[in-house]
Amino acid sequence: MAELKFAESHNLAILLVEPPVAHTEFKSMIHGLKECCLASALALNPTIYQRLIREFWKSTTVKKEDDFVFIEALVKGCKIIVTEQIIRDVLNIDDQSSFPTKIELDQAQELLSKMGYEGEFPSTLKKLLPPYWRFLAHVFVSCISRRRSGAYALSLRNTGAIAALAAGFDFNFSKFILDELIVNIKGKTRDKFLMYPRFIEVFINEQFPVMVKEGETLDMKSLGPNT
């Protein structure tokens, strides 16, 4: 794998605190994010050691046993395994393997319409959502998706996941994250970058809590109340 670089604004943590007084209309959104199935994954903020994340991505492979797909990598000689269930358990995501990983286009279109989306679906642009729902889309892209937070266009997968989160539909976010990781391993995009540093660090910490960690850390900003 070619040398990858960290994106400056990707896989950020969010500070789920009260919004500024001037923006109290977002109070219910912050409350909803605190109570949603992704609350833990959104706010996890471990110390990230660059060497460990780079070693993970340089050695990572996608493996399949029967119909079971998982990721395997070596970090300081230790085998790190990432499966859908590991993602679910370690990130404390309250979903199930039986939940869908996408919603139907007509459902997505209906939900976007209820959100007040002003564009023509199936293309979805964050800037054409009203501010309340644009905030949710920005949080999802910045914290959960593999896309860079500066991306204005939402993929169909991201649109469906955001709509499911907004509506409280059953959705397999754990499988969504695993699929996003696999896309980066197998993908042929010219602009690859080191995804999910927060999550990878937590997987390593969980599987090898006594691993010696040293070297340069990654100074990541968090999404604060003024986002």
_Q107 versus F169, closest heavy-atom pair with distance_ = NE2-CE1, 4.0 Å
*Ignoring hydrogens and geometry, is there a side-chain-to-backbone donor-acceptor pair from D170 to F99 under 3.5 Å?*
no
*Side chain proximity check, V82 to F56, heavy atoms < 4.5 angstrom*: yes
Side-chain donor-acceptor contacts of residues 33-46 below 3.5 Å, not counting sequence neighbours, with atom names and distances?
| residue | atom | partner | partner atom | Å |
| --- | --- | --- | --- | --- |
| K34 | NZ | L16 | O | 3.3 |
| S40 | OG | L91 | O | 3.4 |

*Taking the inter-plane angle between the rings of F199 and Y196 on a 0 to 90° scale, is it parallel (under 30°), tilted (30 to 60°) or perpendicular (over 60°)?*
parallel
*Candidate pair F203 and I87, rule side chain to side chain contact (heavy atoms under 4.5 Å, CB included), full reasoning*: CA-CA 8 Å; F203 299 151; I87 292 172; 3.7 Å; yes
*Closest heavy-atom contact between L154 and K126?*
CD2-CG, 3.8 Å
*Could you tell me whether D94 atom CG has more than 12 heavy atoms of other residues or ligands within 6.0 Å of it?*
no
_Close side-chain approach of L156 and F121, heavy atoms under 4.5 Å_ = yes
*How many angstroms lie between atom CD1 of I71 and atom OG1 of T60, to the nearest 0.5 angstrom?*
5.0 Å
*Is there a path from L74 to V202 through hydrophobic residues (I, L, V, M, F, W, Y) whose side chains come within less than 4.5 Å of each other?*
no
*Common cluster, L178/F68, ILVMFWY with side-chain heavy-atom separation under 4.5 Å*: yes
_Minimum side-chain heavy-atom gap I86-Q207 below 4.5 Å_ = yes
*asked:* Is it the case that atom CG in D106 sees more than 12 heavy atoms from other parts of the structure closer than 6.0 Å?
replied: yes
*asked:* Distance check, rounded to the nearest 0.5 Å: Y49 atom OH versus L218 atom CG?
replied: 12.0 Å
*Of Q85, K175, E84, which meets side-chain contact (heavy atoms from CB on, under 4.5 Å) against S97?*
E84
*Does C143 offer a backbone N or O that forms a donor-acceptor pair with the side chain of N11 under 3.5 Å?*
yes
_Using side-chain heavy atoms (C-beta onward) and a distance below 4.5 Å, is F208 in contact with V75?_
no
*Evaluate the criterion side chain to side chain contact (heavy atoms under 4.5 Å, CB included) for residue pair M220 and F6; output intermediate values, then yes/no.*
CA-CA 10 Å; M220 295 184 68; F6 288 100; over 6 Å; no
*State yes or no: are the ring centers of F176 and F140 separated by less than 6.0 Å?*
yes
*Between T217 and Q50, which heavy-atom pair has the shortest distance, and what is it?*
O-NE2, 3.4 Å
_Any side-chain heavy-atom pair of D95 and R88 under 4.5 Å_ = yes
*Nearest heavy-atom pair of I30 and V17: which atoms, and what distance?*
CG2-O, 3.5 Å
_Ignoring hydrogens, what is the shortest heavy-atom contact between E201 and I48? Give both atom names and the distance._
OE1-CA, 3.5 Å
_Rounded distance [0.5 Å steps], NE2 in H138 versus CZ in R134_ = 11.0 Å
_From L136 atom CG to M29 atom CE, the distance as rounded to the nearest 0.5 Å_ = 4.5 Å
_How long is the straight-line distance from NZ of K76 back to CZ of R51, given to the nearest 0.5 Å?_
5.0 Å
*asked:* Side-chain heavy atoms nearer than 4.5 Å, only ILVMFWY residues, links allowed to pass through others: does that put L15 and F135 together?
replied: no
*Does NZ belonging to K213 count more than 12 external heavy atoms closer than 6.0 Å?*
yes
*What pairs of residues pass the salt bridge (charged side-chain N to carboxylate O under 4.0 Å, His left out) test when at least one of them lies in residues 13-33, not counting sequence neighbours?*
E18-K27
*asked:* What verdict does the side chain to side chain contact (heavy atoms under 4.5 Å, CB included) test give for W57 and M195, after you've listed the backbone C-alpha separation in whole Å, the side-chain angles of each residue and the deciding distance to 0.1 Å?
replied: CA-CA 9 Å; W57 282 108; M195 294 196 312; 4.1 Å; yes
*Once you round to the nearest 0.5 Å, how far does CH2 of W133 lie from CD1 of I162?*
11.0 Å
*Could you tell me which non-hydrogen atom of P131 sits nearest to which non-hydrogen atom of F26, and how far apart they are?*
O-CE2, 3.5 Å
